[in-house]
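Data block below; observations after.
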Amino acid sequence: MENKGSDEVEKLKTKFLSVWHNVKYSWALKPKTSFSRNSPVLLLGKCYHFKAEDDDSPTEACYEAFDEDFIMGNVEAFRKDFTSRVWLTYREDFPLLPGSTLTSDCGWGCMLRAGQMMLAQALILHFLGREWTWSEALTLQPLDTETWTTTAAKRLVASLEASLQGSPRPSDQGSSAIPQTQGTGSAEEADAHLKETYHRSVVSWFGDTSSAQLGLHRLVRLGLTMGKQAGDWYGPAIVAHILKAVEEAMDPALAGITAYVSQDCTVYSADVLDNASLSTQNSQPAPASPLPDSRAVIILIPVRLGGEKTNPEYFEFAKSILSLEYCIGIIGGKPKQACYFVGFQDDSLIYMDPHYCQSFVDVSTSDFPLQSYHCPSPKKMPFSKMDPSCTIGFYSRSVQDYERISQELSKVLQPTAKDKYPAFTFVQGHGKDYELLAGLTPEKREWPFIRDPKRTVTTAGDFVLL
């Protein structure tokens with residue numbers, strides 16, 4: 001009886017915690033982001049200029065992003081490109097997470113969501129290419145004050161009613177913004193239908209159910225093996241290792257892609273090439289599939305760009321990385337507040353924010369709504385506020401692609417008079433074989449870069465300072 005009573009109290013606490021997070025991460029007034037029209041904007045290797053060709057004004061002017069009356073330069077192209085990226089945020093009312101009574105990741109799952117977004121970008125490159133944009137991207141409305149407060153108010157009322165009555169809230173189901181193409185048609189229609197299929201497949205792999213290939217439930221289950229519980233805060237290094245879940249995905253379409261996580265800020269080329277060469281044929285090849293004898297590799301590099309704060313010497317390095325088309329972004333953020341960095345303008349990073357609570361969507365249906373998986377409103381943050389702990393991601397389509405990437409990045413990583421120590425390095429050969437969890441106590445499993453568990457080390461964030 002005591003256990004039963006304790007379980008009821010725990011469930012009630014979980015429900016009211018969900019209500020609180022609902023208010024904290026939904027009922028907020030979000031100002032629009034301002035961009036300069038005189039400086040280029042870089043978004044995952046794509047460059048956009050907002051200045052009109054006939055505008056010779058030497059002064060900087062700012063505008064509220066995506067105002068309808070402001071069409072200048074490549075603003076619309078940038079908006080479509082940004083909105084087409086897959087946006088994964090806090091969700092609520094999904095099935096119980098493994099080993100817990102939680103049905104929401106509000107307040108703790110932001111780094112996992114950021115990691116999912118980076119992985120989703122790799123899959124978009126793999127199946128659709130960097131030039132792909134969602135046909136419905138420009139139809140989404142910015143998350144302005146009215147949208148946020150109206151939606152949050154409705155959700156809050158439903159949350160309180162559900163908590164008091166003990167009944168689950170209805171999920172937010174709507175009609176798909178993209179109609180299913182039926183029958184035969186022109187080549188353009190067939191191509192559009194194929195792209196829609198891949199788009200929906202990628203999003204569905206990140207659904208919030210235990211069966212989703214790369215969903216939160218699968219990532220939490222992997223986190224349990226590394227000493228992390230649902231409800232714990234995850235760092236960017238641990239998430240990098242968890243994202244190797246793509247290797248264990250059972251969907252045949254994912255057989256042509258794998259993941260590699262660097263060791264001690266070092267990318268061992270022989271290990272990457274081994275991953276790429278041990279390929280199985282993709283039974284459903286993408287329009288731009290890897291070479292038959294290799295598979296694509298997602299390269300994840302956990303780094304630390306400074307001590308307590310990000311070293312300003314790394315700002316230009318981060319800009320160089322985000323200017324590369326094969327870069328899939330950076331997961332990091334402010335201290336204990338994760339986000340997904342996708343670009344920059346001047347001295348500000350452009351990022352996608354997972355700190356927005358949305359309702360569970362059943363992605364098992366063929367026409368599930370896609371709108372909540374795309375964000376029309378970018379955010380900016382000064383480089384100076386960036387937490388030094390982060391994970392950088394790259395996508396390599398083939399062995400030949402990796403050779404080119406490693407050569408280009410080696411040039412970017414060349415030490416200078418100011419920056420004597422590169423953020424990471426490429427070396428030939430294999431890294432030392434070691435078990436991630438070998439010899440580590442649960443409290444030390446957050447830092448997977450310890451060479452010798454017997455050595456006394458000083459830790460900072462996700463990393464070990466040797």
Side-chain angles (χ1 to χ4, degrees), residues 21 24-26 28 30 33 44 82 85-92 97 102 104-122 143 206 208 214-216 218-220 222-223 226 228-245 261 298 300-306 308-310 314 318 321-322 327-344 348-358 373 375 377-393 445-448 460-463:
H21 283 147
K24 184 176 180 181
Y25 297 109
S26 293
K30 300 295 181 181
T33 300
L44 294 172
F82 178 87
R85 301 313 105 203
V86 176
W87 184 40
L88 298 161
T89 71
Y90 290 151
R91 295 277 174 173
E92 60 184 353
L97 289 167
L102 296 175
S104 173
D105 63 319
C106 276
W108 59 270
C110 53
M111 188 63 77
L112 288 173
R113 296 299 187 180
Q116 284 182 316
M117 284 190 272
M118 186 163 68
L119 186 54
Q121 175 60 16
L143 297 172
F206 295 95
D208 295 305
L214 304 169
L216 186 71
R218 182 68 59 86
L219 302 187
V220 167
L222 288 174
M226 300 180 187
K228 287 292 184 180
Q229 304 289 327
D232 290 347
W233 196 86
Y234 296 69
I238 283 290
V239 169
H241 287 273
I242 291 176
L243 292 182
K244 286 177 67 67
V261 182
I298 299 170
L300 303 173
I301 308 173
V303 297
R304 188 171 183 89
L305 306 179
E308 292 299 319
K309 295 182 179 180
T310 298
Y314 285 113
I321 293 298
L322 292 169
C327 175
I328 55 175
I330 302 172
I331 58 172
K334 305 174 185 178
K336 298 299 181 181
Q337 187 175 346
C339 58
Y340 172 43
F341 298 117
V342 294
F344 67 92
S348 293
L349 288 155
I350 299 172
Y351 68 96
M352 300 179 71
D353 191 357
H355 299 90
Y356 180 36
C357 186
Q358 302 190 85
Y373 292 99
C375 178
S377 302
K379 289 189 176 183
K380 292 175 72 177
M381 183 184 81
F383 273 96
S384 58
K385 291 186 178 181
M386 178 185 181
D387 189 275
S389 297
C390 59
T391 289
I392 304 170
R445 288 175 181 170
E446 177 68 14
W447 304 281
D462 266 337
F463 295 80

(Q) Determine whether F383 and L349 satisfy the following criterion, side-chain contact (heavy atoms from CB on, under 4.5 Å), listing intermediate values before the conclusion. (A) CA-CA 6 Å; F383 273 96; L349 288 155; 3.4 Å; yes

Q.
Looking at every heavy atom in both G333 and C339, which two are closest together, and how far apart are they?
A. CA-SG, 3.5 Å

Q: Kindly compute the distance separating CH2 (W233) from CH2 (W108), expressed to the nearest 0.5 Å.
A: 13.0 Å

Q: Give the minimum heavy-atom separation between I328 and M118, together with the two atoms involved.
A: O-CG, 3.3 Å

Q) Any side-chain heavy atom of I392 within less than 4.5 Å of one from I321? A) yes

Q: Answer whether the closest heavy-atom distance between the side chains of Y314 and M386 falls below 4.5 Å.
A: no

Q: Evaluate the side-chain proximity of Y234 to V220: yes if any heavy-atom separation is below 4.5 Å, no if none is.
A: yes

(Q) If I take atom CG from residue L102 and atom CG from residue L216, how far apart are they, to the nearest 0.5 angstrom? (A) 10.0 Å

Q | Shortest non-hydrogen contact from D387 toward T310 | A | C-OG1, 3.5 Å

(Q) If I compare all heavy atoms of I238 with all of K228, which pair ends up nearest, and what's the gap? (A) CG2-CG, 4.5 Å

(Q) Can you give me the closest heavy-atom contact between T33 and P378, atom names plus distance? (A) OG1-O, 2.6 Å

Q. In terms of ring plane angle, is the pair W87 and Y356 parallel, tilted or perpendicular, where the classes change at 30° and 60°?
A. parallel

Q. Are any non-hydrogen side-chain atoms of R85 and L44 less than 4.5 angstrom apart?
A. yes

**Q.** Gap separating the SG atom of C106 from the CD atom of Q358, nearest 0.5 angstrom
**A.** 10.0 Å

Q.
Measuring from atom NE2 of H241 to atom CG of L300, what distance do you get when rounded to the nearest 0.5 angstrom?
A. 9.0 Å

Q: In sequence, state the C-alpha distance, the side-chain angles, and the governing distance for Y373 and L88, and then conclude on side-chain contact (heavy atoms from CB on, under 4.5 Å).
A: CA-CA 6 Å; Y373 292 99; L88 298 161; 3.7 Å; yes

Q) Are any of the side-chain nitrogens in K334 or D353 under 4.0 Å away from the carboxylate oxygens of its partner? A) no

Q.
Using only atom types and a distance under 3.5 Å, with no angle test, would you say the side chain of R304 pairs donor to acceptor with the backbone of P388?
A. no

(Q) Assess the residue pair V239 and I331 against the criterion (side-chain contact (heavy atoms from CB on, under 4.5 Å)); give the C-alpha distance rounded to whole Å, side-chain angles, the decisive distance to 0.1 Å, and a yes or no. (A) CA-CA 9 Å; V239 169; I331 58 172; 3.9 Å; yes

Q) Between L219 and A245, what is the shortest heavy-atom contact and its length? A) CD2-CB, 4.1 Å

(Q) Rounded to the nearest 0.5 Å, what separates atom NZ in K244 from atom CG in L119? (A) 12.0 Å

Q | F82 vs M352 side-chain heavy atoms within contact, under 4.5 Å | A | yes

**Q.** Rounded distance [0.5 Å steps], CD1 in I242 versus CG in L112
**A.** 5.5 Å

Q. Tell me, do C110 and Q337 make a side-chain contact under 4.5 Å, heavy atoms counted?
A. no

Q | Within-4.5 Å side-chain heavy-atom neighbours: Q121 and Y340 | A | yes

Q: Would you check if the side chain of D105 reaches a backbone N or O of R91 as a donor-acceptor pair within less than 3.5 Å?
A: yes

